[in-house]
Amino acid sequence: MSEPEFLICVECESPTYVFEWKEGKVAEAICEVCGNDDVDTFLSQQEYEELVEAPA
């Protein structure tokens with residue numbers, strides 16, 4: 001996956017442009033809205049849309 005323009009914080013669903021992308025994944029990120037910095041809780045727009053649209 002190429003580097004996305006922004007990531008979405010799963011904690012507050014806000015976009016963030018403050019992140020580091022290495023070898024196809026999030027290496028570092030921070031949400032300026034809620035302060036979240038857990039890299040496992042940030043998704044690309046495509047990943048987020050797939051998560052939201054997935055059947056329960």
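Being a predicted model, the structure only gives us computed values, none of them experimental. What you see below is based on every heavy atom in this structure, not just the backbone, and it leaves out hydrogens, waters and symmetry mates.
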For V39, what residues pass the side-chain contact (heavy atoms from CB on, under 4.5 Å) criterion, not counting sequence neighbours? V26
Where do P4 and F19 come nearest, in terms of heavy atoms and distance? O-CZ, 3.2 Å
When every non-hydrogen atom of C31 is compared with those of F42, the smallest separation belongs to N-CZ, 3.7 Å
Which residue pairs satisfy the salt bridge (charged side-chain N to carboxylate O under 4.0 Å, His left out) criterion with at least one member in residues 2-15, sequence neighbours excluded? none
Residue pairs passing the salt bridge (charged side-chain N to carboxylate O under 4.0 Å, His left out) test with at least one member in residues 36-51, sequence neighbours excluded, are none
For K22, give me all partners under salt bridge (charged side-chain N to carboxylate O under 4.0 Å, His left out), at least two apart in sequence or on another chain. E20
Would a distance-only check, ignoring hydrogens and angles, find a side-chain to backbone donor-acceptor pair under 3.5 Å from T16 to I30? yes
Members sharing Y17's hydrophobic cluster, built from side-chain contacts under 4.5 Å between Ile, Leu, Val, Met, Phe, Trp and Tyr, are F6, I8, V10, L43, Y48, L51, V52
